[in-house]
Amino acid sequence: MPTQYAPADVEGDLYERWTSAGLFTADPSRSPEAPAYTIVIPPPNVTGSLHMGHALDHSIQDTLVRRRRMQGYEALWLPGMDHAGIATQNVVEKRLRAEGKTRHDLGREKFQEAVWNWKAESGGSILGQMRRLGDSVDWTRERFTMDEGLSRAVLTIFKRLYDDDLIYRAERIINWCPRCLTALSDIEVEHSDREGELVSIRYSDDITVATTRAETMLGDTAVAVHPSDERYAHLIGTEIELPLTGRRIPVVADEHVDPAFGTGAVKVTPAHDPNDFEIGRRHDLPSLVVLDEHARVTAEGPFKGMERYEARAAVVEALRGEGRIVKEVRPYTHSVGHCSRCQTVVEPRVSLQWFVKVAPLAQAAGDAVRDGRVGIEPAELSPRYFAWVDNMHDWCISRQLWWGHRIPVWYGPDGEQACFGPDEEIPEGWTQDGDVLDTWFSSALWPFSTLGWPDETPDLQRFYPTSVLVTGYDILFFWVARMMMFGLYAMDGVAPFKTIYLHGMVRDQFGKKMSKSFGNVVDPLDWINTYGADATRFTLLRGANPGGDVPVAEEWAQGSRNFCNKLWNATRFALMNGAHVNGDLPTAYSTVDGWILSRLQTVIGDVDRHIEAFDFAKAAETLYHFAWDEVCDWYLELAKVPLMNGGDEAEATRRVLGEVLDKLLRLLHPMIPFVTEELWIALTGRETLVRGTAWPVAEQAYAAPDAEAVIASLQGLVTEVRRFRSDQGLKPGQRVAARLEFGDSPLRDHEEAIRSILRLTAPDASFAATATFPAEGVTVELDTSGAIDVKAERARLEKDLAAARKDLAQTSGKLGNADFVAKAPEAVINKNKARQAAAEADISRLESQLAALPAA
RNA sequence: GGGCGUAUAGCUCAGGGGUAGAGCACUCGCCUUACAAGCGAGGGGUCAUUGGUUCGAAACCAAUUACGCCCACCA
């Protein structure tokens with residue numbers, strides 16, 4: 001074995017071996033007594049490539065799934081991709097544009113063909129990247145939202161919702177993207193503050209209104225005031241003449257108007273403003289559409305054909321010419337909606353669209369979490385979830401796109417409309433609705449459509465509901481809430497998952513969001529290539545504190561790589577020394593062996609608890625410190641003595657060392673599968689850790705608090721002497737003669753190990769002790785050849801003395817306080833008493849040592 | 001306008017009513033026979049501010065200040 005771990009030499013081979021042996025393949029009929037464990041992967045966009053967010057998301061899921069697999073669960077991690085309607089269509093259209101074409105040049109069918117071709121050719125590169133990460137997904141079950149099976153699920157549920165009157169078509173005001181030329185749902189609109197101009201327009205002698213979108217006045221069909229606003233009471237029910245148009249519009253009274261805002265009078269444009277649309281409905285006002293799908297003015301007159309911003313300026317100019325502008329226009333910051341795909345300012349627009357009636361579905365989705373059938377982790381995010389499901393507007397599901405599931409509604413020659421299921425025959429002469437469904441409609445079915453629904457497949461029976469949904473909190477609304485709605489609806493009230501685990505966003509080392517424009521984006525593949533998949537995963541998992549975002553930095557990936565290398569060398573050392581896992585653990589073993597076995601049990605329990613609690617940072621941290629600080633820094637060093645000596649004790653230690661590494665590698669395997677698999681095979685000579693290898697279970701029989709206390713004491717002594725050696729400038733490898741007096745300290749059995757670890761030799765004829773200090777009940781005299789650094793030694797003693805005095809003052813203060821003695825728990829009092837006594841002893845010892853020190 | 005959250009070492013973050021922790025960074029010394037991707041020893045924090053509860057507060061409570069995020073149909 002080389003002295004350094006080279007991930008590239010093992011990762012590809014191992015992954016190939018795992019998949020070709022079918023180790024990730026779940027089987028619904030295998031071991032029916034074993035519980036099922038299911039995770040469906042959040043399907044990445046077919047246009048996408050692996051970014052750090054995926055790497056985090058997948059590392060978490062893989063950790064959960066691999067652990068369950070080791071625990072004997074029939075574990076399924078189902079991969080797949082999303083067709084990502086608008087995003088994918090945009091990409092392909094962009095490619096067409098490069099050839100000077102639009103999708104209309106191709107026509108609908110040819111365009112779809114082009115998208116499919118593009119998908120076949122360059123889509124799904126993320127799947128290859130998932131292999132690089134080591135995702136233990138079941139490739140035999142890969143799905144795509146536009147697959148035949150999943151499309152059937154889409155049509156089936158559409159039909160069912162349609163028949164249940166939960167889907168309807170209506171003319172409503174919707175968010176319209178004038179660039180993508182399609183309707184958008186509420187959550188596809190991102191609001192951000194934008195500088196605009198608020199202009200006040202005198203509509204009549206009595207009424208002035210204010211607006212940031214002056215061009216919409218061309219579509220005004222009323223002016224609204226508050227019903228109890230005395231200023232306007234006499235005008236309610238009258239009509240005024242709308243400037244520039246000559247149209248007469250009524251003055252209506254509506255509760256929505258805030259009399260304290262502006263003039264208390266509002267222009268009403270039902271066709272182009274959501275509020276106004278509602279006012280219009282309440283007062284039966286006409287909706288006058290004055291902007292087309294490109295947001296160009298359609299109203300007859302001088303503005304016709306102008307683009308919206310051009311029209312805005314022109315309208316203001318014209319009004320100014322008529323003396324209608326009150327005061328000057330003033331800058332005004334207000335929130336404006338942008339298309340989440342292309343950042344174009346969204347134009348609210350009345351049009352005929354399809355909607356899901358969400359009230360009953362959202363109610364069920366809320367209840368499932370409220371009554372505890374589904375848990376949200378971390379729980380702090382539940383209020384967000386409730387706020388959303390409890391206030392959700394009807395969901396606009398139609399998109400004026402060509403890439404997606406076409407709405408399964410046909411229109412007959414005589415104006416009839418009917419929804420046909422996937423297996424129904426379409427009557428002659430009927431034409432299908434031209435729109436496609438929102439891409440989130442099909443993703444909402446993902447937890448069961450991927451398992452074969454609507455058919456009662458073995459997969460569906462065995463693996464639904466899924467165990468946990470792992471995703472970023474940013475798509476709680478987009479995806480999670482909708483899966484809840486559709487899952488509960490389609491699966492007779494059985495929620496699609498038992499737990500929703502929401503992780504944070506990956507950020508850079510300063511906590512900044514990764515963004516292309518800021519230039520701080522890290523490509524996980526770069527890390528995988530440089531440091532290995534395990535190091536990449538471990539870095540992410542170490543940062544995954546529940547409820548927090550995950551900062552990462554290149555240096556941290558290096559640290560993780562170093563950790564993998566540490567495991568590599570620890571195992572190398574073990575193999576060089578004959579460690580093995582054959583046969584039962586010895587019944588008799590040393591205190592050192594007993595200590596590490598005892599610590600191992602605690603670590604097993606801790607890691608289990610942390611993973612169950614989705615606390616991957618702590619699980620990783622626990623193993624990192626156990627492996628590095630305890631196993632490598634202490635156990636391996638202490639084990640060297642018996643291993644060198646040979647004999648029965650060496651035999652026992654070889655077995656215990658094998659045991660500790662065996663269990664450690666198993667515990668780490670879900671997080672860092674490659675290096676652990678490689679090392680475990682080398683250590684045990686067995687085939688694989690992935691399947692059929694038990695996840696460790698803590699065994700209380702090995703708990704050994706006495707051994708732990710002895711080793712803690714040994715560590716204290718060794719550290720103390722090392723500190724002296726370091727202060728004295730003694731080189732680590734330099735042998736120093738020493739005399740050790742153990743008294744009745746339990747460390748007396750460990751003299752050989754202590755001498756070995758501290759490079760202490762036996763005193764010879766020339767021995768002249770020049771440093772003496774008791775630590776941990778042991779007196780150590782060191783021969784430093786008469787050349788001790790008095791200044792350094794004085795500094796050391798004085799520092800210790802100051803610390804002891806401070807300690808004494810602190811404890812004495814407490815113990816002299818009657819309230820403290822009366823009210824503090826006994827354990828705390830005893831602890832203080834012990835500290836006080838120790839401090840007193842230290843002070844007298846240090847003082848005499850200082851006095852005995854020769855002058856500098 | 002609502003909701004949630006955060007202020008702890010240079011950076012990123014854990015912790016938690018009883019002497020302040022980790023990783024990285026930093027200083028010093030080391031190729032000590034698993035590992036220099038390493039080993040050993042260190043330095044560094046009034047735990048945001050102000051009050052309260054308590055024998056004891058960095059931790060609990062309140063207010064303040066400063067950030068962050070989510071939702072929202074303020075013309």
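Computed from a predicted structure; not experimentally measured. Lettering of chains follows the sequences in order, A, B, ..., and the numbering in each one begins at 1.
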Looking only at side-chain atoms of [X], point me to the closest of [options].
X: Arg542(A); options: A41(B), G23(B), A75(B); result: G23(B)
X: Lys799(A); options: G42(B), U12(B), G18(B); result: G42(B)
X: Trp628(A); options: C35(B), C24(B), G38(B); result: G38(B)
X: Asn817(A); options: C69(B), G18(B), C55(B); result: C55(B)
X: Glu380(A); options: C4(B), C55(B), A75(B); result: C4(B)
X: Val257(A); options: A75(B), A41(B), U32(B); result: A75(B)
X: Pro732(A); options: C55(B), U32(B), G38(B); result: U32(B)
X: Glu621(A); options: A41(B), A22(B), A37(B); result: A22(B)
X: Thr3(A); options: A75(B), C24(B), C35(B); result: C35(B)
X: Arg572(A); options: A75(B), A34(B), C4(B); result: A34(B)

Select base, sugar-phosphate, or nothing to describe what [X] touches, counting heavy atoms under 4.0 Å on all strands.
X: Leu476(A); result: nothing
X: Thr719(A); result: sugar-phosphate
X: Lys618(A); result: sugar-phosphate
X: Ala387(A); result: nothing
X: Asp633(A); result: sugar-phosphate
X: Tyr5(A); result: base
X: His393(A); result: base
X: Asn565(A); result: base
X: Cys632(A); result: base
X: Pro825(A); result: base
X: Asp258(A); result: base
X: Phe261(A); result: base
X: Gln728(A); result: nothing

Side-chain N or O of [X] less than 4.0 angstrom from OP1 or OP2 on [N]?
X: Lys566(A); N: C39(B); result: yes
X: Arg507(A); N: U12(B); result: no
X: Gln810(A); N: U19(B); result: no
X: Lys640(A); N: A34(B); result: yes
X: Asn569(A); N: A37(B); result: no

Mark yes or no for whether [X], through its side chain, and [Y], through its backbone, hold a donor-acceptor pair below 3.5 Å.
X: Trp176(A); Y: Ser351(A); answer: no
X: Asn391(A); Y: Ala387(A); answer: yes
X: Thr263(A); Y: Ala265(A); answer: yes

Answer yes or no: is there an ion pair linking Glu215(A) with Arg308(A), defined by an N-O contact shorter than 4.0 Å?
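The answer is no: the pair does not qualify as a salt bridge.
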
Just name whichever nucleotide pairs with [N], Watson-Crick or G-U, keeping both distances under 3.5 Å, else none.
N: C35(B); result: none
N: A57(B); result: none
N: A41(B); result: U27(B)
N: U19(B); result: none
N: A75(B); result: none
N: C47(B); result: none
N: U6(B); result: A66(B)

Polar side chain donor-acceptor pair, Gln4(A) to Asn569(A), under 3.5 angstrom:
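Asn569(A) and Gln4(A) do not have a side-chain donor-acceptor pair below 3.5 Å.
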
Does Thr761(A) reach the side chain of Val736(A), with side-chain heavy atoms less than 4.5 Å apart?
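The answer is no; the side chains never approach within 4.5 Å.
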
Do the side chains of Val257(A) and Asp229(A) get nearer than 4.5 Å, heavy atoms only?
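No, too far: nothing below the 4.5 Å cut-off.
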
When the C1' atoms of G42(B) and A25(B) are compared, how many Å lie between them, rounded to an integer?
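About 15 Å, rounded to a whole number of Å.
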
Base of [N] paired with side chain of [X] (donor-acceptor, under 3.5 Å):
X: Gln558(A); N: A37(B); result: no
X: Lys731(A); N: C30(B); result: no
X: Arg561(A); N: A37(B); result: yes

Hey, what's the ring geometry for Phe563(A) with Tyr624(A), parallel, tilted or perpendicular (30° and 60° as the breaks)?
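Plane angle between 30° and 60°, so tilted.
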
Reading RNA chain B from 5' onward, which residue's closest nucleotide shows up sooner: Gln734(A) or Glu555(A)?
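On the 5' side of the pair lies Glu555(A).
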
With nearest nucleotides of RNA chain B determined for Arg835(A) and Val631(A) from heavy-atom distances, which residue corresponds to the more 5′ nucleotide?
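Between the two, 5'-proximity favours Arg835(A).
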
